[in-house]
Q: 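Dumping the structure here so I can ask a few things about it.
Residue numbers begin at 1 in each chain, while the letters A, B, ... track the order of the sequences.
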Amino acid sequence: MTKKDIIVLLETIATYMELSLENPFKVSAYRKAAAAIETDGRSLAEIEDFSAIKGIGKGVNEVIVEYRNAGRSTVLDDLKSSVPEGLVRMLKIPTLGPKKIAKIHKELGITSMEELKEACENKEVSALSGFGAKTEENISKAIDELLTRPERYPIERIISFRTAVEDVLDDMETVRKYDVAGSGRRFKETSRDLDYIIEVTDVAEFTEKFLESPFIKDTVAQGEKKLSVTIENDMDEINVDFRFVTADEYFTTLHHFTGSKDHNVKMRQIAKSRGEKISEYGVETDGGLKTFDSEAAFFDHFGLPYIPPAMRETGEETEVDVSGIVSMDDIRGDLHMHTVYSDGAFSVREMIEACIAKGYEYMIITDHSKSLRVANGLYENRVYRQIEEIKGLRDEYPEIDIYTGTEMDILKDGTLDYPDDLLAELDYVIAAIHSSFSQTEDEIMHRLRSACENPHVRHIAHPTGRLIGRRAGYPVNVPELISMAKDTGTVLEVNANPRRLDLSSDVIRHSGLKLTVNTDAHHTAHLEFMNYGVAALQKGLIQKEDVINTFSRDAFRKFVNKGK
DNA sequence: GCCGTTTTCGGCCCGACTGTTTTCAGTCG
């Protein structure tokens with residue numbers, strides 16, 4: 001049993017209670033308790049008394065104690081015997097909440113999505129009071145979509161949806177200003193939909209023109225304040241909402257719809273304690289409604305520093321000192337990139353010039369090692385040739401320190417792809433797993449341990465091998481890897497490629513790790529991925545001094561030369 | 001169900017839109 005099991009239990013109880021039409025605040029108490037456990041940095045074994053955690057009182061604690069001792073929950077068992085499983089799935093249907101579902105269940109005896117679909121077709125739903133023909137049609141349509149459309153898209157896919165929409169917005173004269181809000185702006189790993197805050201000169205004109213776009217699939221809602229549509233892009237569909245705002249409201253609305261929900265709740269509590277009230281239109285103060293000309297000014301009004309969107313998750317961000325948390329301005333180099341020597345698209349020289357253009361003070365060329373044949377990994381002789389090339393280029397580019405390096409494979413038996421004498425010739429060694437993903441956790445941990453214990457290996461790249469929404473990666477015991485890294489002085493990477501974001505923000509939070517954030521660029525354009533990685537660090541509330549590529553040029557040189 | 005100190009009862013974030021009503025409940029973000 002882990003902490004996660006307890007969290008899932010409490011959330012499951014909350015959902016079933018919701019469908020039992022339990023007091024909404026009681027439901028929310030269970031959800032808050034689950035969130036409090038998630039936020040708590042300790043593991044299950046380290047938590048003796050759950051009731052000491054704020055948000056967990058006598059009732060929830062009893063549920064946890066029973067579950068911990070007996071592996072079951074009477075509360076949940078009772079709920080499950082009164083609420084059919086199928087009703088839980090129905091909560092995913094937009095416009096259907098607990099009250100409507102309870103009514104459908106009670107009046108029509110329906111217990112599954114399939115039965116609900118059939119009832120819609122038989123016009124039984126529209127016969128209920130409070131339900132009409134339109135509702136019935138929407139439910140029926142939503143069920144069809146739920147069975148085909150994925151619930152959330154990975155951030156990489158979200159970026160391509162955004163590009164499609166924003167290309168259109170950028171060409172419209174009526175558009176004065178817009179920003180994506182919601183989970184997209186917060187750099188969440190996955191998003192369900194896109195939210196835009198937009199200032200236009202004429203809502204009617206905007207709506208008419210935008211709805212002519214070829215990617216429009218459906219109009220969900222249309223009003224003076226809001227337009228909601230479904231768009232289609234590369235065979236995938238997503239909902240896009242636009243909130244029309246005046247210039248005055250812009251930043252309070254942007255803040256409001258950027259969320260997260262928990263962040264907003266926290267901000268409103270702060271406002272309330274000062275006798276003020278936050279809405280998307282501004283802050284109600286004694287002196288009337290106050291609006292702001294930036295989000296920074298909004299936060300400043302409450303005596304808070306600017307909190308970057310990526311950090312706005314649990315509410316904890318309003319209580320910690322965010323001034324020391326890493327930002328894009330702090331990043332002085334990229335330590336992981338490829339060239340044409342292996343599977344990159346650009347030469348060493350081109351990568352150098354691209355890094356200089358980004359204003360970096362240092363960089364490391366880290367091509368693949370010999371065993372990674374699919375990526376044209378370098379045999380020893382080509383490593384030596386690349387070292388010579390880099391040495392020859394250093395004089396030409398005094399504005400940047402160019403280090404020699406490798407992204408070396410950790411082979412399936414735990415041995416490393418290059419011998420120590422070659423590794424000693426390189427300035428910097430990254431190790432990574434690219435093969436035999438289906439090994440057991442023990443085998444994988446043996447490989448990672450072998451790399452961490454090698455005196456030349458400075459950092460482990462994309463430590464879990466996951467691709468967001470596509471593959472889970474190989475089985476890593478993350479807490480064990482973290483303590484291994486600390487014991488051996490090995491740095492762990494947050495890979496900034498939006499397909500990876502590995503390690504993820506949730507495992508680095510409160511980890512106390514030394515980290516590095518790198519793009520793993522295979523193309524000069526990939527150097528731009530840095531902001532995704534930095535956002536992941538910000539989500540983890542990581543301090544600047546814990547990220548080695550924020551070091552000054554001198555400090556980084558010392559770090560490289562000193563070794564482990 | 002949880003919390004708190006000017007409270008152990010009475011709050012718990014706030015507003016728009018839809019669909020169904022004929023003044024509003026439910027859902028959503």
Side-chain angles (χ1 to χ4, degrees), chain A residues 10 13-14 17-37 50-64 75 90-104 125-139 142 181-186 188 191-197 219-228 239-245 249 252-284 289 312 315 318:
Chain A
L10 298 181
I13 290 174
M17 279 184 168
E18 210 171 19
L19 291 167
S20 307
L21 305 185
E22 196 37 281
N23 174 358
F25 295 110
K26 185 171 169 182
V27 175
S28 149
Y30 274 85
R31 294 232 159 88
K32 279 183 186 161
I37 296 171
F50 276 90
S51 65
I53 298 173
K54 192 165 176 288
I56 300 179
K58 189 164 163 282
V60 173
N61 188 52
E62 275 174 17
V63 170
I64 295 173
V75 173
M90 289 182 204
L91 280 169
K92 291 208 160 63
I93 301 171
T95 76
L96 275 198
K99 295 196 177 162
K100 284 187 170 175
I101 291 173
K103 180 154 192 169
I104 287 169
V125 174
S126 53
L128 298 173
S129 74
F131 294 76
K134 190 83 189 254
T135 304
E136 185 171 66
E137 191 186 315
N138 287 342
I139 292 173
S183 56
R185 184 157 182 253
R186 300 202 314 278
K188 286 280 278 187
S191 295
R192 203 156 39 110
D193 52 20
L194 286 176
D195 288 303
Y196 283 94
I197 306 307
T219 306
V220 181
Q222 188 178 338
E224 267 300 296
K225 292 263 178 199
K226 177 182 166 176
L227 172 67
S228 182
N239 277 15
V240 184
D241 287 352
F242 293 93
R243 312 275 166 171
F244 302 113
V245 298
E249 301 158 350
T252 39
T253 308
L254 179 61
H255 175 267
H256 174 82
F257 285 104
T258 297
S260 66
K261 188 174 187 297
D262 289 340
H263 171 82
N264 285 356
V265 167
K266 190 70 203 232
M267 289 301 295
R268 290 198 154 118
Q269 285 167 349
I270 291 170
K272 203 163 183 172
S273 70
R274 299 156 46 105
E276 298 178 342
K277 199 169 82 170
I278 299 176
S279 80
E280 57 254 57
Y281 302 114
V283 177
E284 282 177 30
L289 189 73
R312 301 177 201 167
T318 62

Q: Taking the nucleotide of DNA chain B with the nearest heavy atom to each, does A:Arg192 or A:Gly55 sit closer to the 5' end?
A: A:Gly55

Q: Identify whether any heavy atom of A:Gln222 sits under 4.0 Å from a base atom; if not, whether one sits that close to sugar-phosphate; answer base, sugar-phosphate or nothing.
A: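 If one applies the 4.0 Å heavy-atom cut-off, A:Gln222 turns out to touch the sugar-phosphate alone, with no base involved.
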
Q: Looking for any heavy atom pair under 4.0 Å, which part of the strands does A:Lys261 touch: base, sugar-phosphate only, or nothing?
A: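 Base contact.
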
Q: Would you classify A:Ile93 as touching base, sugar-phosphate or nothing, given that sugar-phosphate means primed atoms plus P, OP1 and OP2, and contacts are heavy atoms under 4.0 Å?
A: sugar-phosphate

Q: Whole angstrom is fine here: how far is it from NZ in A:Lys272 over to C1' in B:dG11?
A: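 It is 8 Å, rounded to the nearest whole Å.
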
Q: Phosphate oxygens OP1/OP2 of B:dT20: is one of them under 4.0 Å from a side-chain N or O of A:Thr135?
A: yes

Q: Using a 6.0 Å distance limit plus a 45 degree cone around the ring axis, check whether A:Arg243 lies over the aromatic ring of A:Tyr196.
A: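 Output no; distance or angle outside limits.
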
Q: With a 4.5 Å heavy-atom cut-off, do A:Asn264 and A:Ile278 have their side chains touching?
A: no

Q: For A:Phe131, is the NZ or CZ atom of A:Lys100 found under 6.0 angstrom from the centre of its six-membered ring and inside 45 degrees of the ring axis?
A: yes

Q: May I ask you to evaluate whether A:Lys26 reaches the phosphate of B:dC12, defined as a side-chain N or O under 4.0 Å from OP1 or OP2?
A: no

Q: How far does the C1' atom of B:dG11 sit from the matching atom of B:dT5, given to the nearest Å?
A: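 That atom pair is separated by 15 Å.
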
Q: May I ask you to verify if any side-chain N or O of A:Arg31 is less than 4.0 angstrom from the OP1 or OP2 atom of B:dG1?
A: no

Q: Is A:Lys134 near enough to B:dG19 that one of its side-chain N or O atoms lies under 4.0 angstrom from OP1 or OP2?
A: yes

Q: Using the C1' atoms only, state how far B:dT27 lies from B:dC13, rounded to an integer number of Å.
A: 16 Å

Q: Who is the Watson-Crick or G-U wobble partner of B:dT8, with both distances under 3.5 Å?
A: none

Q: Applying a 4.0 Å non-hydrogen cut-off, can you work out what A:Ala102 is touching in the nucleic acid: base, sugar-phosphate, or nothing?
A: nothing

Q: Using whole Å, what does the distance between atom C1' of nucleotide B:dC28 and atom CG of A:Asp193 come to?
A: 10 Å

Q: A:Arg268 side chain: which of B:dG29, B:dC28, B:dC14 is closest?
A: B:dC14

Q: Considering just the side-chain nitrogens and oxygens of A:Tyr30, establish if one lies under 4.0 Å of OP1 or OP2 belonging to B:dC2.
A: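 No, because none of the side-chain N or O atoms of A:Tyr30 sits under 4.0 Å from OP1 or OP2 of B:dC2.
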
Q: What is the distance from NZ of A:Lys92 to P of B:dC28, rounded to the nearest Å?
A: 13 Å

Q: Please state how far atom CD1 in A:Ile37 lies from atom C1' in B:dC2, giving the value in whole angstrom units.
A: 14 Å

Q: Before accepting this row, confirm whether a basic side-chain N of the pair A:Glu18/A:Arg31 lies closer than 4.0 Å to the acidic partner's carboxylate O.
A: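 Result for this pair is yes, salt bridge flagged.
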
Q: What integer distance in Å separates A:Glu224:CD from B:dC17:P?
A: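 About 9 Å, once rounded to whole Å.
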
Q: When the distance from CG of A:Asp262 to P of B:dC13 is rounded to whole Å, what number comes out?
A: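 To the nearest whole Å, that distance equals 11 Å.
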
Q: Which comes earlier along DNA chain B counting from the 5' end, the contact point of A:Glu136 or that of A:Ile101, where each point is its nearest nucleotide?
A: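 Closer to the 5' end of DNA chain B: A:Glu136.
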
Q: Rounding to a whole Å, what distance do you find between A:Phe257:CZ and B:dC13:C1'?
A: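 Going from A:Phe257 (CZ) to B:dC13 (C1'), I get 13 Å.
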
Q: Assign A:Pro24 to base, sugar-phosphate, or nothing according to its heavy-atom contacts below 4.0 angstrom with the strands shown.
A: nothing

Q: Roughly how many Å is it from NZ in A:Lys266 to P in B:dC14, rounded to a whole number?
A: 16 Å

Q: How far, in whole Å, is B:dG4 from B:dT21 if one measures between their P atoms?
A: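 Looking at atom P only, B:dT21 and B:dG4 are 44 Å apart.
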
Q: When you check the phosphate oxygens OP1 and OP2 of B:dA16, does a side-chain N or O of A:Lys226 lie under 4.0 Å from one of them?
A: no

Q: Using the P atom as the reference point in each nucleotide, state the distance between B:dC28 and B:dT23 in Å, no decimals.
A: 25 Å

Q: Do A:Phe257 and A:Glu280 have side chains that get closer than 4.5 Å, going by heavy atoms?
A: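 SC-SC contact between A:Phe257 and A:Glu280 confirmed.
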
Q: Between B:dC9 and B:dA16, how many Å separate the two P atoms, rounded to a whole number?
A: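 These two P atoms come out 36 Å apart once rounded.
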
Q: Does A:Lys277 place a side-chain N or O at less than 4.0 Å from the phosphate oxygens OP1/OP2 of B:dG15?
A: yes

Q: Would you say the ring centers of A:His263 and A:His255 fall short of 6.0 Å from each other?
A: yes

Q: Would you say the base of B:dG1 and the side-chain of A:Asn23 have a donor-acceptor pair closer than 3.5 Å?
A: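 Between B:dG1 and A:Asn23, which were checked side chain against base, a qualifying N/O pair under 3.5 Å is present.
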
